[in-house]
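Scroll down for the structure; my scribbles are underneath it.
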Amino acid sequence: MDILVVLEDNRGVLHRMSREAIAGAQKLASNMNLSVGALAIGENADTLANEVANTNMQEVLVVKNELVASYNADGYAETINQVIEQESPKIITVGHTYQTRDYFPRVSAKLDIPFIPDIIGVRLGDDPVFNKQVFNAKLAADLTAEADQVLISFQSAAYSEDEIESGKPLIREISVNLDPSLIRSESEKPFQEEAGEIDLESAEVIVSVGRGIEKEENIPIAFDLAKVIGGEIASSRPVVDSGWLPLFRQIGSSGQNVSPKLYFALGISGAIQHVVGMKGSKNIIAVNKDSDAPIFEIADYAVVGDLLEIIPKLTDALQAEKD
Amino acid sequence: MKIAVLIKQVPGSDSALPLTGDGTWIDDSLITFVMNESDNYALEEALRIREKINDGEVVVVSMGPDRVQRVIREGLAKGADRGIHLEEDGQIETDPLCIAKSFTSVLEDENFDLVLTGLQSDDTGMGQTGILLGELLGMSTATLGIETDIQSDTIRVKRELESGWFQWIKLPLPASVSIQSGINQPRYPSLKGIMGAKKKEIKIVAQSEHRPDTKWQSLNRLFIPQTNKQTETLNGDADTIVNRLVEILRSDLRII
Ligand SMILES: Cc1cc2nc3c(=O)[nH]c(=O)nc-3n(C[C@H](O)[C@H](O)[C@H](O)COP(=O)(O)OP(=O)(O)OC[C@H]3O[C@@H](n4cnc5c(N)ncnc54)[C@H](O)[C@@H]3O)c2cc1C
Ligand SMILES: Nc1ncnc2c1ncn2[C@@H]1O[C@H](COP(=O)(O)O)[C@@H](O)[C@H]1O
């Protein structure tokens with residue numbers, strides 16, 4: 001096959017972003033007249049292969065080897081190296097997940113082929129041009145591979161799984177040759193940190209603060225608004241990193257996913273790792289002093305101004321309405 | 001314990017980002033630069049490891065034009081022992097394999113026990129340089145470190161997984177680990193540190209001595225993303241904005 005999609009096992013089920021990667025690969029394939037295949041690895045490989053058994057692909061390769069029964073970066077990278085060498089795909093794709101961040105660069109280093117990560121789209125010409133967000137989503141870039149083979153990963157929601165074409169792939173089990181000495185790290189069992197006592201997922205209104213709040217002493221500005229409007233407080237990562245709010249308030253790829261009726265984004269720039277956690281909100285009011293802030297691209301109401309001035313005034317006005 | 005920390009100088013999050021005339025990069029001369037956010041955390045982690053085992057050396061390494069010596073000095077002022085500057089002439093390289101090979105050629109004779117990098121650079125966001133470098137140097141590697149536990153010949157790393165999951169892994173040294181923001185609270189340089197930094201060594205390596213001849217990928221053009229979402233923009237003075245917001249909350253959204 002020409003385009004290989006590596007499927008990700010998300011605790012026994014196919015990772016949502018693997019489906020999006022299939023949709024992206026199919027689109028690329030039909031535009032470039034190429035064929036698509038998928039690769040399922042590990043103890044759940046059959047389940048994953050089954051989940052894609054109705055999609056339009058040439059074949060699904062299945063690798064079962066006890067050294068990659070569960071994910072480990074060295075084993076995965078070597079498995080994929082060998083599959084690439086056996087099957088010679090031109091483009092190797094995945095979703096841009098945390099796991100991808102962990103093992104795809106190893107494949108790039110070992111096989112000496114470029115990894116163009118986190119792409120949001122592809123433009124076709126003589127060679128495909130890959131689009132990627134840069135400068136924390138404030139700009140986008142055109143990238144091209146200077147090699148015959150390329151590794152790419154798709155950003156969350158770059159393609160929709162609703163676009164997947166159906167079909168009947170062949171399922172083929174293949175073997176790889178892995179030596180135990182290759183796996184240098186010992187992995188313990190994944191675990192979840194204690195959850196917070198606040199259920200942000202069921203909140204109707206969320207007032208979320210970002211680095212634009214500037215300092216810890218300003219956090220009450222957000223609490224005051226939340227109180228008068230009956231909302232919960234949340235935040236972006238830097239606010240949690242600085243210790244101003246606890247981790248369970250963090251929204252985004254390493255925090256919570258929320259979809260309230262109203263999401264206030266106060267001084268949040270709109271980086272993808274934050275946006276994936278809140279873009280399902282029914283309404284987004286963003287307050288940012290930078291009129292080019294990427295958050296405005298997904299906001300329903302774009303307030304250009306200083307939150308430290310506007311929010312206390314808004315709180316007062318809402319309080320006056322109530323009284 | 002010999003530790004290298006890769007620190008990149010990138011535009012500050014408040015900086016304007018004007019494009020160059022040909023649109024291939026940003027106009028460096030109009031930008032305020034800072035230390036890449038996750039690299040600042042990586043540096044702090046290296047300093048803490050050295051303090052904990054009370055032995056060793058922390059070397060800060062940066063590639064870029066002359067201006068990057070400022071972040072190297074900042075690292076030295078916080079307590080790193082010496083610096084290495086891989087010079088770049090003209091526009092900076094954006095190809096991660098090319099960058100990693102430059103670092104490899106300069107660092108391979110140093111025999112570092114540990115290389116710490118940021119998780120990703122805030123300009124190009126490639127998220128791979130630390131792993132590429134580690135692999136090219138034959139080190140064990142890990143990403144997304146949010147806690148470390150150093151032993152004599154191993155390092156345990158708590159890795160951040162998606163949606164609130166974590167995992168500890170143990171790696172033999174030498175290792176290259178990429179660090180996630182929030183792992184610690186980075187220090188500020190002291191006045192004494194700033195004064196002392198002036199006397200510390202920065203080794204300079206010319207571009208011709210580290211840059212490979214090949215390229216694996218190119219960044220050809222930058223542009224401002226287009227949006228197709230219907231957005232109502234509110235601007236003007238604070239009172240006008242607040243009046244409209246109250247109206248939106250009352251009539252459009254029926255929140256109040
Ligand atoms: C693997 C990985 C996982 C991550 N996980 C998450 C995650 O789960 N959640 C998350 O949020 N991030 C996450 N991040 C970080 C993410 O990439 C961004 O760095 C982060 O979201 C930026 O937060 P911010 O918008 O608050 O800060 P910044 O990007 O610094 O933005 C601050 C904004 O405030 C504005 N501003 C400043 N002052 C004012 C003022 N007075 N009034 C109004 N506006 C003002 C500025 O114009 C700017 O737009 C992750 C990153 C990586 C690489
Ligand atoms: N030019 C550079 N100078 C110093 N460090 C760099 C450079 N490029 C990348 N790095 C390091 O590699 C990490 C990941 O970068 P990237 O792969 O570009 O996202 C950064 O956080 C830095 O620690």
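Between B/Phe166 atom CZ and A/Glu193 atom CD the span is 4.5 Å, to the nearest 0.5 Å. To the nearest 0.5 Å, the span separating OG1 on A/Thr144 from CH2 on B/Trp216 amounts to 14.5 Å. Here CD1 of B/Ile131 is found 11.0 Å from CZ of A/Phe115. Values are rounded to the nearest 0.5 Å. Expressed to the nearest 0.5 Å, how far CD1 of B/Ile169 lies from CZ of A/Arg184 amounts to 10.0 Å. Atom CH2 of B/Trp168 and atom OG of A/Ser187 lie 13.0 Å apart (nearest 0.5 Å). Between the CD1 atom in A/Ile295 and the OG1 atom in B/Thr231 there is a gap of 10.5 Å [rounded to 0.5 Å].
Among A/Glu297, A/Arg106, A/Glu309, A/His96, the residue making the largest number of heavy-atom pairs under 4.5 Å with chain B is A/Arg106. When the candidates B/Leu19, B/Asp239, B/Ile255, B/Leu234 are compared by the number of heavy-atom contacts under 4.5 Å with chain A, B/Leu234 comes out ahead. Interface check for chain B: of the options A/Ala140, A/Ala109, A/Ala77, the most heavy-atom pairs under 4.5 Å are formed by A/Ala140. Among the candidates A/Pro238, A/Pro294, A/Ser254, the residue making the largest number of heavy-atom pairs closer than 4.5 Å to chain B is A/Ser254. Ranked by heavy-atom pairs under 4.5 Å with chain A, the first of B/Gly130, B/Cys98, B/Gly23, B/Pro172 is B/Pro172. The candidate from B/Asn235, B/Leu249, B/Asp95 with the greatest count of non-hydrogen atom pairs under 4.5 Å with chain A is B/Leu249. Looking only at heavy-atom pairs under 4.5 Å with chain B, the residue among A/Asn72, A/Thr97, A/Asp290 that has the most is A/Thr97. Of all the listed residues (A/Ala147, A/Ser253, A/Gly252), the one sharing the greatest number of non-hydrogen pairs under 4.5 Å with chain B is A/Ser253. Taking chain A as the reference chain and counting heavy-atom pairs below 4.5 Å, the highest number among B/Ser13, B/Ser218, B/Gly164, B/Ala238 is found for B/Ser218. Contact count against chain A (heavy-atom pairs under 4.5 Å) is highest for B/Glu162 among B/Glu162, B/Gln230, B/Glu232. By number of non-hydrogen pairs under 4.5 angstrom with chain A, the leading residue of B/Ser140, B/Ala175, B/Pro96, B/Ser178 is B/Ser140.
Screening A/Asp142, A/Asn131, A/Val129 for a side chain to side chain contact (heavy atoms under 4.5 Å, CB included) involving B/Arg221 leaves a single residue, A/Asp142. Between B/Val242 and the choices A/Ile311, A/Thr315, A/Leu314, A/Asp316, the side chain to side chain contact (heavy atoms under 4.5 Å, CB included) rule is met once, by A/Leu314.
Other residues, nucleotides and ligands place more than 12 heavy atoms under 6.0 Å from the CD atom of A/Gln192. In the displayed structure, B/Arg254 atom CZ is contacted under 6.0 Å by at most 12 heavy atoms of other residues, nucleotides or ligands. Heavy atoms from other residues, nucleotides or ligands lying under 6.0 Å from CG of B/Asp213 number 12 at most. The environment of B/Asp22 atom CG is dense: over 12 non-hydrogen atoms of other residues, nucleotides or ligands sit within 6.0 angstrom.
In this structure, chain B has a heavy atom under 4.5 Å from the backbone of A/Phe296, while its side chain stays farther away. With a 4.5 Å cut-off on non-hydrogen atoms, A/Asp102 touches chain B through its backbone and its side chain both. Using a 4.5 Å cut-off between heavy atoms, B/Ile146 touches chain A through its side chain atoms alone. Contact annotation for B/Ile241: only side-chain heavy atoms (C-beta onward) come within less than 4.5 Å of a heavy atom of chain A. Using a 4.5 Å cut-off between heavy atoms, A/Asp118 does not touch chain B at all. For B/Leu161, the parts lying under 4.5 angstrom from a heavy atom of chain A are both the backbone and the side chain. Proximity to chain B (any heavy atom under 4.5 Å) is shown, for A/Asp112, by both the backbone and the side chain. With a 4.5 angstrom heavy-atom cutoff, A/Glu186 touches chain B via backbone and side-chain atoms both. Residue contact with chain B, scored on non-hydrogen atoms closer than 4.5 Å, is absent for A/Ser291. For a residue to count as touching a neighbouring chain, one of its non-hydrogen atoms must lie under 4.5 Å from one of that chain's; by this rule A/Gln149 does not touch chain B. For B/Leu97, the part lying under 4.5 angstrom from a heavy atom of chain A is the side chain only. Using a 4.5 Å cut-off between heavy atoms, B/Ile248 contacts chain A through its side chain alone, with no backbone atom that close. Of the two parts of B/Ala142, only the backbone, made up of N, CA, C and O, holds a non-hydrogen atom closer than 4.5 Å to a non-hydrogen atom of chain A. For B/Thr141, the parts lying near chain A are the backbone and the side chain together; criterion is any non-hydrogen pair under 4.5 Å.
A heavy-atom distance below 4.5 Å is not found between the side chains of B/Asp123 and A/Val134. Considering only heavy atoms from C-beta on, B/Tyr41 comes within 4.5 Å of A/Asp241 through its side chain. The shortest distance between side-chain heavy atoms of A/Ser185 and B/Lys170 does not fall below 4.5 Å. Between A/Glu321 and B/Ile256, the closest side-chain pair of non-hydrogen atoms falls below 4.5 Å. Looking at heavy atoms from C-beta onward, A/Lys132 lies in side-chain contact with B/Met126 at the 4.5 angstrom threshold. Considering only heavy atoms from C-beta on, A/Phe135 comes within 4.5 Å of B/Ile26 through its side chain. Between A/Leu139 and B/Phe223, every side-chain heavy-atom pair lies at or beyond the 4.5 Å cut-off. Using a 4.5 Å heavy-atom cutoff, the side chains of A/Leu143 and B/Asn220 are not in contact.
Taking both residues in full, the closest heavy atoms of B/Gly125 and A/Pro117 are given as O-CG, 4.3 Å, listed atom of the first, atom of the second, then distance. Among all heavy-atom pairs drawn from A/Ala141 and B/Leu222, the shortest one is CB-CD2, 3.8 Å. The two residues A/Lys261 and B/Leu253 come nearest to each other via the heavy atoms NZ-O, 3.1 Å. Looking at every heavy atom in both residues, A/Ala137 comes nearest to B/Pro225 through O-CG, 4.0 Å. Across all non-hydrogen atoms, the minimal contact from A/Phe191 to B/Lys158 is CZ-CE, 3.9 Å.
Remark: the B/Ser163 side chain and the A/Asn257 side chain contain no N/O donor-acceptor pair separated by less than 3.5 Å. If you check the side chains of A/Arg101 and B/Gln120, you find a donor sitting under 3.5 Å from an acceptor.
In this structure, B/Arg159 contributes its side chain and A/Pro190 its backbone to no donor-acceptor pair below 3.5 Å.
Looking at A/Glu188 and B/Arg156, a side-chain N of the basic residue comes within less than 4.0 Å of a carboxylate O on the acidic one, giving a salt bridge. Look at B/Glu135 and A/Lys110 and you find a salt bridge, because one of the NZ, NE, NH1 or NH2 atoms lies within 4.0 Å of a carboxylate O, short of that distance. Using a 4.0 Å cut-off between charged nitrogen and carboxylate oxygen, A/Arg237 and B/Glu160 count as a salt-bridge pair.
Below 4.5 Å, heavy atoms of chain B meet heavy atoms from A/Ala299, A/Asp300, A/Tyr301, A/Ala302, A/Val303, A/Val304, all part of residues 299-307 of chain A.
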